[in-house]
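To keep things clear, I will list the structure first and then write my remarks on it.
We count ligands from 1, going down the list as the structure has it; atoms in each ligand are counted the same way.
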Amino acid sequence: MSKIIVLMGAPGAGKGTQARLLHGRLNLPQISTGDMFRALKDAQTPLAAEVRALMEAGQLVPDDVTIRVVRERTARDDCREGYILDGYPRTPVQAAMLETLATEQDKKIQAIEIEVPRELLAQRMVGRRNCPVCGEIYNLYFKPPKFDSVCDLHPEVQLNHRSDDNLDTVQARLTTYEEQTRPLLDYYKAANLLHVVDGTREAEAIYKDIEEIVTSDGD
Ligand code: AMP
């Protein structure tokens with residue numbers, strides 16, 4: 001049975017980095033609700049304006065919108081053999097919808113928490129930069145690019161700093177996570193679907209653990 005790999009963990013834990021590695025090496029689609037909402041950035045519609053405001057405030061986009069986006073994206077052909085969810089679910093309602101989706105799609109959910117202590121998260125997010133061309137994720141403190149503020153592979157473009165990675169919004173996002181998303185870990189643990197990996201290490205070491213979980217548990 002194919003899998004829905006759910007990457008869990010606080011903002012800044014490294015879900016995006018690991019989802020990119022899984023995508024590149026196991027060829028499963030990476031579905032990031034945050035990326036999908038960011039793609040609305042320049043749209044001039046009331047919905048896009050609402051999403052932008054919520055993101056800037058470190059709050060969650062409403063469940064009905066988020067669920068619709070995930071349902072549509074995962075219905076595409078490339079998801080047939082499984083997919084990676086990066087940043088979904090974030091509320092109990094979203095988790096319940098995912099169960100329904102898994103049943104409908106005949107897929108098994110596997111949740112992996114990338115565990116990082118809260119005190120490390122804010123610095124990680126404030127230092128985060130990404131390449132607008134290839135999406136590579138850097139960190140000024142932990143994984144700096146070879147040359148100041150440009151991608152190693154695309155030196156012609158400046159790295160991007162997410163507008164919600166400023167200290168005020170980061171604190172709000174961490175609070176939102178504690179209140180609304182962290183309880184889901186208990187839910188997946190109780191259902192025996194949760195694996196936990198130590199997210200304080202180098203990305204490659206974390207990836208090794210995750211790949212082992214993804215490729216060995218179940219079929
Ligand atoms: P991320 O890139 O995953 O950190 O998400 C950035 C922002 O997008 C979050 O702070 C939320 O405002 C919004 N967002 C992403 N995923 C979800 C989700 N599953 N439910 C609600 N809002 C989300």
Side-chain heavy atoms nearer than 4.5 Å, only ILVMFWY residues, links allowed to pass through others: does that put I137 and I31 together? no
I'd like to know if [X] pairs up with [Y] as an ion pair, taking the criterion as any Lys NZ or Arg NE/NH1/NH2 lying under 4.0 Å from an Asp or Glu carboxylate oxygen.
X	Y	value
E204	R25	yes
R73	D78	yes
R20	E136	yes

Just by modelled atom types, is the [Y] backbone N or O under 3.5 Å from a matching donor or acceptor in the [X] side chain?
X	Y	result
Y83	T74	no
Q18	G16	no
T176	G58	yes

Give the residue, atom name and distance (to 0.1 Å) of the protein heavy atom nearest [atom].
atom	value
atom 23 (C) of ligand 1	F37 CE1, 3.7 Å
atom 20 (N) of ligand 1	Q94 NE2, 2.9 Å
atom 2 (O) of ligand 1	R38 NH2, 2.9 Å
atom 15 (C) of ligand 1	R90 NH1, 3.3 Å
atom 7 (C) of ligand 1	M55 CE, 3.6 Å
atom 16 (N) of ligand 1	T33 OG1, 2.7 Å

At a non-hydrogen distance cut-off of under 4.0 Å, which region of R162 contacts ligand 1 (side chain, backbone, both, or neither)? side chain
Taking 4.0 Å as the limit for heavy-atom contacts, which would you say applies to V61 with ligand 1: side chain only, backbone only, both, or neither? both
Considering both backbone and side-chain atoms of S32, is one of its nitrogen or oxygen atoms within less than 3.5 Å of a nitrogen or oxygen in ligand 1? no
Look only at interatomic distance and state if G58 has a nitrogen or oxygen under 3.5 Å from any nitrogen or oxygen of ligand 1. no
Any heavy atom of K15 closer to ligand 1 than 4.0 angstrom? no
Looking at ligand 1, is there an atom of it that comes within less than 4.0 Å of some heavy atom belonging to M36? no
Within a distance under 4.0 Å of any heavy atom of Q59, pick out the atoms of ligand 1 and give their elements. 11 (C), 12 (O)
For T66, take its heavy atoms, then give the atoms of ligand 1 lying under 4.0 Å from any of them. 18 (C), 19 (N), 20 (N), 21 (C)
Provide the closest heavy-atom pair for Y138 versus L153 in the form atom of the first, atom of the second, distance. OH-N, 4.3 Å
Side-chain donor-acceptor pair present, N166, T169, cut-off under 3.5 Å: yes
